[in-house]
Enquirer: 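What follows is a single structure, and I will ask about it in a moment.
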Amino acid sequence: MNSSARSRYIKIAGVLGFIILAFYFLSAGGTSSVTSVVPGTTKKNDGSCTRYVLMIDAGSSGSRIHVYRFNTCKSTPELEHEEFKMKKGGLSNYGDSPEEAAKSLDELMEVAVTTVPDNYKSCTPVAVKATAGLRLLGQAKSDAILAAVRTRLETKYPFPVVEGNGVSVMDGSDEGVYAWITTNYLLGKIGGPDKSPTAAVFDLGGASTQIVFEPTFPNLKGGGMPEILAPGDHHYDLTFGGRSFDLYQHSHLGYGLNEARKAVHKAVITAKFGEKQVDSSQPVLNPCIAPGMWREVNVDGVKINMTGPPHSAATLCRSFAESILHKDEDCKLAPCSFNGIHQPSLSKTFAREDVYIFSYFYDRTQPLGMPSSFTLEELKDLAAKVCEGEAGWKVFSSVKGALEELRDRPEHCLDLNFQLALLHTGYDMPLHREVKIAKKIKGNELGWCLGASLPLLEKNSGWKCRIREVGH
Ligand SMILES: *[C@@H]1O[C@H](CO)[C@@H](O)[C@H](O)[C@H]1NC(C)=O
């Protein structure tokens, strides 16, 4: 069948399908039975709507596969199903044997082989995106591993491997932008008819924190503002679903939660001892530890017993958290958020749109009973309560698991004050600003994987269906 005959055939099939559906609809006399009929009919009679994408997330602690199934006959590709499997031990664990590293993905690929029906396999792209952990092995070793992975995927499996950077270490900027795509896609703000303003995403990991948003520059005469996003590494020009987006993005390395904790502890030690020899024989009073609690932490190789103050010192803790942001660092391209990094002002270019905060932002607030959206003022109140220690925690007794969470984590006070300092002082968000916390939207995990998979549904996205070789 040539392509015009094929498209004619599809059109006729589509019209017939519609008539059949309309008949079902009329005869069933209600929408509830129609919804149960439609998906089955679509799958059986019109396979051309179904597309699969395989995305392997090669993280530092483990690898994961996502097998996505989309319905591409809708105005926006609709995510219908996701199959997921994780394997502990990342590619970097096999630094000296690229072959073994490549083989470690076999058990994940098995999920793809069993999930994707045979007649779809040759048109189901697979990509492998490693995060920064692999880079730590050094260029030569990480290149060898990625090459071995590509070879194994191309020779052992029927799926087309995405060309170019289909098997690669992902840039920090891509990671943030893909998370932005995931979020806005699941919210229905991109890829479809909805042209309402997009949401900003703020991710908080262990080592770094990312901010991505689409600033709008109203044409204010004499407002002293640039009318477009200034050029530079922070500018990400994204084309998605036929629209183009000028995004601001930055990944602040060293400002993930674990790194921030280290920096705050160090600031407490420096404030106490200055240039003097650190005395680790006595506990050190730390306003970021809840009263009545203590924790042993390693500061530059010295073990220190960090002990909470007798009474709440939330405000003092926040001032230590602010100090690590280096607000007064030299700002080469104004305005800057913190640490000398350029960022358009949120209050001027992103004043009312939705702000989604996730990962550790979610993990530290939701278990204490915070609702899906709250203001920074409310986050401040929460931090103050948490920093009171056991004496102030009665309010949490109605939240299942909250007290266990607090008793388990002497640094909860630090974590919340750092989050507040980052959002309010660092990014300059006013206290009345509302933020939304989420782990999933419409049942799908937030994160970069879905956002990196969606562009692969578009034409010319770096892969072609494989021609089946004779004998396969
Ligand atoms: C740390 O100090 C607290 C008192 O401030 C004490 O109760 C605790 O036992 C100490 N921990 C260690 C490991 O020394």
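Every number for a ligand or one of its atoms is a count from 1 in the order of the listing. Fair warning: this is a prediction, and the values are worked out from it, not measured in the lab.
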Enquirer: Please report which non-hydrogen protein atom sits nearest to atom 1 (C) of ligand 1, along with the residue it belongs to and the distance in Å to one decimal place.
Expert: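 Ranked first by proximity to atom 1 (C) of ligand 1 is N305 ND2, 1.4 Å.
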
Enquirer: Between I65 and D57, is there a side-chain heavy-atom distance shorter than 4.5 Å?
Expert: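 Heavy-atom side-chain distance check fails, nothing below 4.5 Å.
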
Enquirer: Are E214 and T216 linked by a side-chain donor-acceptor pair shorter than 3.5 Å?
Expert: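 No, no side-chain donor-acceptor pair sits under 3.5 Å.
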
Enquirer: Report yes if T307 has an N/O atom closer than 3.5 Å to an N/O atom of ligand 1; otherwise report no.
Expert: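 There is such a contact, yes.
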
Enquirer: Go through it in stages, so that I can follow the logic: the residues are D194 and K189, the test is salt bridge (Lys or Arg N to Asp or Glu O under 4.0 Å), and I'd like the CA-CA distance, side-chain angles, deciding distance and then a yes or no.
Expert: CA-CA 6 Å; D194 184 358; K189 288 178 181 292; 5.0 Å; no

Enquirer: What atoms of ligand 1 come closer than 4.0 angstrom to any heavy atom of P283?
Expert: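 Once the distances to P283 are compared, the set is 2 (O), 5 (O).
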
Enquirer: Could you walk me through whether F159 and Y52 pass the ring pair (Phe, Tyr, Trp, His ring centres under 6.0 Å) check?
Expert: CA-CA 10 Å; F159 311 104; Y52 290 85; 9.4 Å; no

